[in-house]
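What follows is a single structure, written as structure tokens, with notes after it.
Note that this is a predicted model, so its numbers are computed, not measured.
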Amino acid sequence: MTDLPTVSYDEGRTRDAAELRRLQECATEELRLIGRIQSHGILFAVDEFTGTVVAASANAEQWLGSPLTDVGSEMLTWAMNHGVAVDPVRAELDGTAYDVIAHRGTAPLVLELEPVIPDLEYVRTGVVTAIQRLAHITDPDELRIQAAREIKAITGFDRVMCYEFHEDGHGQIVADEREPDMESYFGLHFPASDIPPQARMLYLEKRSRAIVDTEDPGLGIRTLLPESQPIDLGMTELRAVSPHHLQFMRNMGQASTVSFAVVAEGRLVGMFTCAHRTQRRLPVLLRRALEVLATQVGTQLISARQIQALRRQLEARERRAAVVAPLYGRADIADALIRGRRTVLDVVPADGVYLRVDGVVSTMGVVPAPERLDPVIDDLGPSGFVSDALPIERPELAVEITGVAGLLIVPLSDDGDRLVFVRGEAAREVQWLGDQSAANRDTPLSPRRSFSAWVESVTGRSLPWGEYAQDAFDLGADIRTALLSRAQAELAELALHDALTGLHNRRFLDERLSQVLAEGARQVSVVFLDLDNFKAVNDTHGHELGDAVLSTVGRRLLGAARSTDIVARLGGDEFVVICLDVHEEEASLIAQRAVDALREPIKVGDVIVEIGASAGIATEDGRSTAAQLLGAADAAMYRAKRAGRGRVSR
């Protein structure tokens, strides 16, 4: 293994450009229409209507233009009429036993003949036992390693690897069962061009691919068909191999390989690849059985990942709920999100976080100064933004916030509210299957010469956000929901409160009093208060000072009432106290305390005013409505005023 110096951006871009060129070049290769087969087998293409051989491999071209029946094999003719690819037919031709694979639905019908391998005739029976042993494994990593081990034991190949394909197309070797004298490839990454897109597409249709001899030049196909009608070999077993790939295999020291697709939810997520240093061929029925094993692994991977994803989603939801819950109360937004016992960094790990709500900025951890970060956030627009390579992807912005490699922006509103997670650079090493630089290739399009592990140091990137990006946007949605609910609750509360005094208003009073009376289980008395000299305050000192006096009145009434009483302002200078679970005498004491409290002078700035109040009491008699009870208390209050003011009347 060779430790290389840090790879610069320019070097990385050069290599990326070369990889893109290789992918583009690979995409032009017509794998289906390669026009050759591997030379260990025979291919016939037959017109199903006439039974005539219209194309044949070079080792059977003598039958071109003849009826297939002339070949002299009854089972070969039977295969033409009844055979299917999944269940080969055994036939004999010129004294050699063959497995005949018929590809129905093609025009012309394609028949492939592979020589039987007597020594491996019943090896496939061990696949059933292997599947049973693998069935209980739920850990994806263990599953792939154990499956590779089982396949190696069954096939006898020198090496069996399992590949995993990442979202960007590149792969990684996640299992490597090999002979003791072979170099380990476990954990190494390889570029997407090693298995180009059109090859991967074929694996979705045909789940295995055998290459018997990397030195085999192959056999051409002779045809009577027009040039515009080439034979589609996409689903065949014998399809010849791209010269580029044969060179690739020889450079790896491989003489034979056979690969099995791992498909999950319609996607090629990986492969098992068996490699041998000398020629080795597996019977078609064994390959079919191993296709089933690989399919079983794909099914188990789906289940394991679904379980992992569900468990992770539940844990992430619990973390988000713990952070967002205080927002539904009266907690300060910044305190709840970034200064509480649980913070947004418990949901999305980062070096720092920036929060902007209603123009107020709060930060925690290592974050660029707001005057530098704000313009960058605004430049990126109102939508969310995710990057773990800001210096590479947006260098013009990265220079404004040096030290930031990872940036994750979550919009909280359309008015510029944002939650931003910041990560610094995290230089890391990636181990590749062979030196990825031009020095390891004869030409930019040539396969790598060496496949010894090669270490690349990557800079300019933070740790990848991965699934945390979705966690961040889910958190943003939860915060928006909580803030909306909070705003709605505040509006609803305002609708039931007097804006000046903070006391309950007439609407709340009517609803609550009606509810209590309807329940009928509690003793209720109503104290109705009216200020005695308030009009003179407004006339003399103005409404602004009058509002300050009313606010003081509200506070004094709350002080005179019990914690269980309901104090409300009806409007103007009229107030009501609903006394629950008291007799009329107790209500009189509460009313008297309120009158006494309002008799004390009120100082507003340099002005001292004296007002006072009159109070009336009414107690429900089991038949009163809210309006009747308030009316009775109002009438009692007027009796107190007529009796000389500053009094309590029943």
For this session: For Gln300 and Thr295, run side-chain contact (heavy atoms from CB on, under 4.5 Å): C-alpha distance rounded to whole Å, both residues' side-chain angles, the deciding distance at 0.1 Å, then the answer.
Result: CA-CA 9 Å; Gln300 288 179 236; Thr295 297; over 6 Å; no

Exercise. For Trp465 and Asp471, what are the C-alpha separation, side-chain angles and deciding distance, and is it a side-chain contact (heavy atoms from CB on, under 4.5 Å)?
Worked result: CA-CA 10 Å; Trp465 294 108; Asp471 290 345; over 6 Å; no

Exercise. What do the steps show when you test Val174 against Tyr163 for side-chain contact (heavy atoms from CB on, under 4.5 Å), and what is the final call?
Worked result: CA-CA 6 Å; Val174 293; Tyr163 304 152; over 6 Å; no

For this session: Mind running side-chain contact (heavy atoms from CB on, under 4.5 Å) on Thr214 and Val241 for me, showing each step along the way?
Result: CA-CA 9 Å; Thr214 56; Val241 187; over 6 Å; no

Exercise. What do the steps show when you test Asp158 against Arg277 for salt bridge (Lys or Arg N to Asp or Glu O under 4.0 Å), and what is the final call?
Worked result: CA-CA 7 Å; Asp158 291 333; Arg277 290 172 286 191; 3.0 Å; yes

For this session: Kindly indicate, with the supporting measurements, whether the criterion salt bridge (Lys or Arg N to Asp or Glu O under 4.0 Å) is fulfilled by Arg209 and Glu237.
Result: CA-CA 7 Å; Arg209 167 71 163 146; Glu237 306 292 330; over 6 Å; no

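Residue pairs satisfying the ring-ring contact (aromatic ring centres under 6.0 Å, His included) criterion with at least one member in residues 301-353, sequence neighbours excluded, are absent. Screening residues 360-380 for salt bridge (Lys or Arg N to Asp or Glu O under 4.0 Å) gives Arg356-Asp374, Arg356-Asp378, Arg372-Glu400 as the qualifying pairs, with residues at least two apart or on separate chains.
In this structure, the side chains of Leu233 and Arg32 stay at 4.5 Å or more apart for every pair of heavy atoms. Considering only heavy atoms from C-beta on, Gln313 comes within 4.5 Å of Leu310 through its side chain. With a 4.5 Å cut-off on side-chain heavy atoms, His504 and His497 count as touching. Residues Thr138 and Ile307 have side chains not in contact (no heavy-atom distance under 4.5 Å, counting atoms from C-beta outward). Between Leu433 and Trp454 the shortest side-chain heavy-atom distance does not fall below 4.5 Å. Residues Ile409 and Leu380 are in side-chain contact: their nearest non-hydrogen atoms beyond the backbone lie under 4.5 Å apart. Taking 4.5 Å as the limit, every side-chain heavy atom of Arg423 sits out of range of all side-chain heavy atoms of Leu408. Counting heavy atoms from C-beta outward, Leu419 and Tyr354 have side chains that stay 4.5 Å or more apart.
To the nearest 0.5 Å, atoms CZ (Arg480) and CG (Leu475) are separated by 9.5 Å. Within the model, atoms CG of Leu202 and CE of Met235 stand 8.5 Å from one another, a figure rounded to the nearest 0.5 Å. Distance check, rounded to the nearest 0.5 Å: NZ of Lys152 to CZ of Phe272 gives 14.5 Å. The CG atom of Leu188 sits 10.0 Å away from the CE atom of Met161 when rounded to the nearest 0.5 Å. Note that CG of Asp346 and CZ of Arg341 are 9.0 Å apart. Values are rounded to the nearest 0.5 Å. The CZ atom of Arg159 lies 10.0 Å from the CD atom of Glu179; values are rounded to the nearest 0.5 Å.
Dense packing is recorded around CZ of Arg339, with more than 12 heavy atoms of other residues, nucleotides or ligands lying under 6.0 Å away. Within 6.0 Å of CZ in Arg305 there are more than 12 heavy atoms belonging to other residues, nucleotides or ligands. In this structure, Met182 places its CE atom where more than 12 heavy-atom neighbours from other residues, nucleotides or ligands lie under 6.0 Å away.
In plain terms, the two heavy atoms of Thr402 and Val399 that are nearest each other are CG2-O, 3.6 Å.
Residue Leu327 forms a side-chain contact (heavy atoms from CB on, under 4.5 Å) with just one option from Asp478, Thr481, Leu337, and that option is Leu337. Here the rule is side-chain contact (heavy atoms from CB on, under 4.5 Å) with Val324, and of Ile479, Val344, Leu483 only Ile479 fits it.
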If you look only at distance, which donor and acceptor atoms sit under 3.5 Å apart when one is on a side chain in residues 251-263 and the other is two or more places apart or in another chain?
unit_1: Asn251; atom_1: OD1; unit_2: Gln247; atom_2: NE2; d: 2.8
unit_1: Asn251; atom_1: ND2; unit_2: Arg448; atom_2: O; d: 2.9
unit_1: Ser256; atom_1: OG; unit_2: Val212; atom_2: O; d: 2.4
unit_1: Ser256; atom_1: OG; unit_2: Thr278; atom_2: O; d: 3.4
unit_1: Ser256; atom_1: OG; unit_2: Arg280; atom_2: N; d: 2.8
unit_1: Ser259; atom_1: OG; unit_2: Thr273; atom_2: OG1; d: 2.9

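With hydrogens and angles ignored, the 3.5 Å screen pairs no side-chain donor or acceptor of Arg149 with any backbone N or O of Asp176. In this structure, the side chain of Asp417 engages the main chain of Asp358 through a donor-acceptor pair within 3.5 Å. A donor-acceptor distance shorter than 3.5 angstrom exists from the side chain of Arg486 to the backbone of Ala331, with no hydrogens or angles considered. Remark: the backbone N or O of Gly340 is not paired with any side-chain donor or acceptor of Thr343 at under 3.5 angstrom. Side-chain atoms of Arg200 come within 3.5 Å of backbone N or O of Gly169 as a donor-acceptor pair. Side-chain atoms of Gln38 come within 3.5 Å of backbone N or O of Ala210 as a donor-acceptor pair. Between the side chain of Ser387 and the main chain of Leu390, a donor-acceptor pair closer than 3.5 Å is present.
Salt bridge Arg178/Glu183: absent, no basic N to carboxylate O contact under 4.0 Å. Note on Arg133 versus Glu150: salt bridge recorded, some NZ/NE/NH1/NH2 to OD/OE distance being below 4.0 Å. Glu315 and Arg312 are not joined by a salt bridge, as no carboxylate oxygen comes within less than 4.0 angstrom of a charged side-chain nitrogen. Ion pairing between Arg441 and Asp435 fails under the 4.0 Å rule for side-chain N and carboxylate O.
Using modelled atom types, one finds no donor on one side chain facing an acceptor on the other under 3.5 Å when comparing His189 with Gln431. Looking only at atom types and distance, the side chain of His166 has no donor-acceptor partner in the side chain of Asp168 under 3.5 Å away.
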